[in-house]
Amino acid sequence: MRTDTPWSTLPARDHLLAAAVGAPVLDVVVPVHNEEKDLETCVLRLHDHLARTFPYGFRITVADNASTDRTPRVAARLTALLPEVRSYRLEEKGRGRALRTVWSHSDSPVLAYMDVDLSTDLNALLPLVAPLISGHSDLAIGSRLARSSRVVRGSKREFISRAYNLILRSSLSARFSDAQCGFKAVRREVAQRLLPMVEDTGWFFDTEMLVLAERAGLRIHEVPVDWVDDPDSTVHIVRTAAEDLKGVWRVGRALATGALPLDRLARPFGDDPRDRAVPGVPRGLARQLVGFCVVGALSTLVYLALYSLFRLGAGAQFANAGALLVSAVANTAVNRRLTFGVRGRGGAVRHQAQGLVVFAIGLALTSGSLAALGTASGTAAHSTELAVLIAANLAATVLRFLLFRAWVFPDRRTGHQDSRKGSAHELGNVR
């Protein structure tokens with residue numbers, strides 16, 4: 001995975017003023033490979049639409065990735081005919097490679113792309129880029145799966161598209177609805193940070209870019225589109241699907257191990273209202289409670305299953321200690337990543353050590369409960385032991401959450417942000 005991105009935070013999103021930009025506000029890239037038949041029609045239609053309807057300066061860039069037909073000559077003719085059109089030639093094939101290359105060199109503040117077949121109705125172009133121009137969003141995508149979208153395509157492609165997006169939702173927790181629609185846009189300052197992290201150079205490029213952006217907390221705007229399938233599409237569905245699944249595995253593994261520095265895509269303090277402290281309202285408390293309860297319910301089931309298993313060959317105290325130890329280690333690891341959002345391996349050993357201290361407190365509560373049960377009733381039934389352990393675990397769970405939030409995984413962002421603002425103030429005084 002590429003991680004060579006700048007360390008400072010992204011600038012705050014501002015409304016783009018056409019007079020202050022200098023370069024065309026919008027650069028629409030049309031990636032092509034052996035498209036001599038459709039290229040001229042596409043560019044002329046797109047240019048006419050933008051000239052009539054788009055209120056800002058624009059550019060159309062033909063990104064020719066290793067075409068072997070007349071595509072380069074068609075692109076050169078269009079460049080000579082229309083001043084808003086330029087062409088870029090790459091000697092290696094790959095849509096992702098073409099987009100990354102052109103977007104990385106563009107001076108326009110809003111970067112978009114669309115497929116050469118123009119399957120998407122161009123009336124969606126202005127709604128696509130408007131949230132980026134206004135400063136509302138970081139990326140924008142066209143969606144063929146939105147409720148108000150109107151789509152004409154075969155059942156085979158419809159099934160594959162929906163199945164693929166279901167895989168993304170279940171495996172990578174993606175919340176965007178359509179990763180594959182060839183109709184997307186991104187603000188340039190976001191692309192400058194995001195593109196070096198995207199490894200794929202082919203069709204999975206879009207999905208990888210969106211997953212990383214979403215995981216980093218960037219805002220993705222979705223636009224319902226009218227879309228008509230191109231029956232002459234040259235995309236090899238089976239091979240593309242196989243490459244996409246490989247990409248899902250690779251990105252999922254990188255996210256699970258914390259190999260990606262997604263903090264480099266963070267917006268500055270104050271740009272996200274969730275960063276603002278509200279008196280009397282602990283930040284992220286509701287989300288953390290829900291996550292902790294879900295993890296706690298699952299770990300309790302694991303604990304009870306392990307206790308019942310260990311109880312077959314050991315006493316109640318030993319079975320309780322062993323089951324609690326195994327479930328506690330797993331509970332700390334899962335809560336660290338999912339509930340409290342700690343990524344990477346830094347501090348993992350310390351967190352587990354602190355988690356074991358919390359485990360010891362829980363062990364004292366549950367073991368004490370079992371001891372009290374034994375003193376009160378002698379030999380208790382297994383069902384009675386489980387009932388006592390559930391009650392003791394509820395009390396231990398409340399205490400565990402409080403200790404996790406205040407001691408093991410405290411929110412240190414406020415102090416960091418305050419120190420960052422203080423450093424900026426000192427720099428201002430130096431100037």
Side-chain angles (χ1 to χ4, degrees), residues 1-7 10 29 31 33 63 65-66 90 92-104 111 113 115 138-139 141 143 145 157 159-184 186 190-218 220 222 235-266 330 333-334 336-338 341-346 348:
M1 285 286 179
R2 295 180 176 90
T3 58
D4 50 335
T5 54
W7 280 101
L10 283 165
V29 181
H33 174 73
N65 51 112
L90 290 89
E92 294 182 88
K93 187 179 177 182
R95 184 182 68 169
R97 178 181 288 107
L99 289 175
R100 177 163 55 228
T101 301
V102 175
W103 280 354
S104 297
L111 312 169
Y113 95 88
D115 292 335
D138 299 292
L139 299 92
I141 65 174
S143 175
L145 303 180
R157 285 181 177 268
F159 173 78
I160 292 175
S161 179
R162 291 188 178 275
Y164 179 64
N165 283 282
L166 181 61
I167 291 173
L168 294 181
R169 287 176 177 271
S170 59
S171 61
L172 298 179
S173 301
R175 295 189 299 273
F176 47 85
S177 65
D178 192 352
Q180 296 175 311
C181 182
F183 195 69
K184 296 182 176 69
V186 59
V190 173
Q192 289 173 340
R193 303 291 183 86
L194 186 56
L195 294 180
M197 296 186 190
V198 179
E199 185 173 314
D200 191 79
T201 59
W203 294 96
F204 187 69
F205 173 88
D206 303 49
T207 301
E208 187 170 355
M209 179 178 67
L210 291 173
V211 169
L212 299 187
E214 188 175 75
R215 287 298 185 93
L218 299 179
I220 301 174
E222 294 198 18
V235 177
H236 193 288
I237 296 178
V238 176
R239 183 170 63 243
T240 300
E243 293 298 321
D244 285 348
L245 291 178
K246 292 179 182 177
V248 169
W249 167 256
R250 173 175 53 79
V251 172
R253 183 176 56 186
L255 291 172
T257 59
L260 290 167
L262 298 180
D263 57 313
R264 303 183 192 183
L265 294 171
V334 176
R336 178 179 187 270
R337 178 64 182 87
L338 299 182
V342 180
R343 298 184 176 91
R345 299 176 182 176

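In what follows, every heavy atom counts, from backbone to side chain, and hydrogens, waters and symmetry copies are set aside.
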Keeping E208 on the side-chain end and V198 on the backbone end, is there a donor-acceptor pair under 3.5 Å? no
With Y164 via side chain to side chain donor-acceptor pair (under 3.5 Å) - residues at least two apart: T207
What residues, two or more places apart in sequence or in another chain, satisfy side chain to side chain donor-acceptor pair (under 3.5 Å) together with S177? S143, E222
Do N65 and R97 have side chains that get closer than 4.5 Å, going by heavy atoms? no
Given L255 and L212, is the side-chain contact (heavy atoms from CB on, under 4.5 Å) satisfied, shown in steps? CA-CA 9 Å; L255 291 172; L212 299 187; 4.2 Å; yes
On a heavy-atom basis, the closest approach of P31 and L99 is CG-CD2, 4.3 Å
What closest approach, in Å, do D178 and S161 show between heavy atoms, and which atom pair accounts for it? OD1-OG, 4.3 Å
Could you report the tightest heavy-atom contact between L90 and A98, atom names first, then the distance? CD2-CA, 4.0 Å
How about M209 and D200: do any of their side-chain heavy atoms sit closer than 4.5 Å? no
Minimum heavy-atom separation for L195 and S104, please, with both atom names. CD1-OG, 3.8 Å
Suppose we screen for side chain to side chain donor-acceptor pair (under 3.5 Å). Which residues come up paired with E214, at least two apart in sequence or across chains? none
Can you measure from SG (C181) to CG (D115) and round to the nearest 0.5 angstrom? 7.5 Å
Closest non-hydrogen atom pair, P261 against A259: CD-O, 3.9 Å
Between V102 and Y113, is any pair of side-chain heavy atoms under 4.5 Å apart? no
Enter the distance from K184:NZ to F176:CZ here, rounded to the nearest 0.5 Å. 8.5 Å
Excluding sequence neighbours, so at least two apart, what forms salt bridge (Lys or Arg N to Asp or Glu O under 4.0 Å) with K246? E243
D206 and R95, any side-chain heavy atoms less than 4.5 Å apart: yes
For R162, all residues meeting salt bridge (Lys or Arg N to Asp or Glu O under 4.0 Å), sequence neighbours excluded: E158
Nearest atoms (heavy-atom pairs only) where R169 meets R175: NH2-O, 3.5 Å
Separation between CD of Q192 and CH2 of W103, rounded to the nearest 0.5 Å: 13.0 Å
Name the one of L139, L262, D138 that satisfies side chain to side chain contact (heavy atoms under 4.5 Å, CB included) with L194? L139
Considering residues at least two apart in sequence or located in another chain, which fulfil the side chain to side chain donor-acceptor pair (under 3.5 Å) criterion with D244? Q180
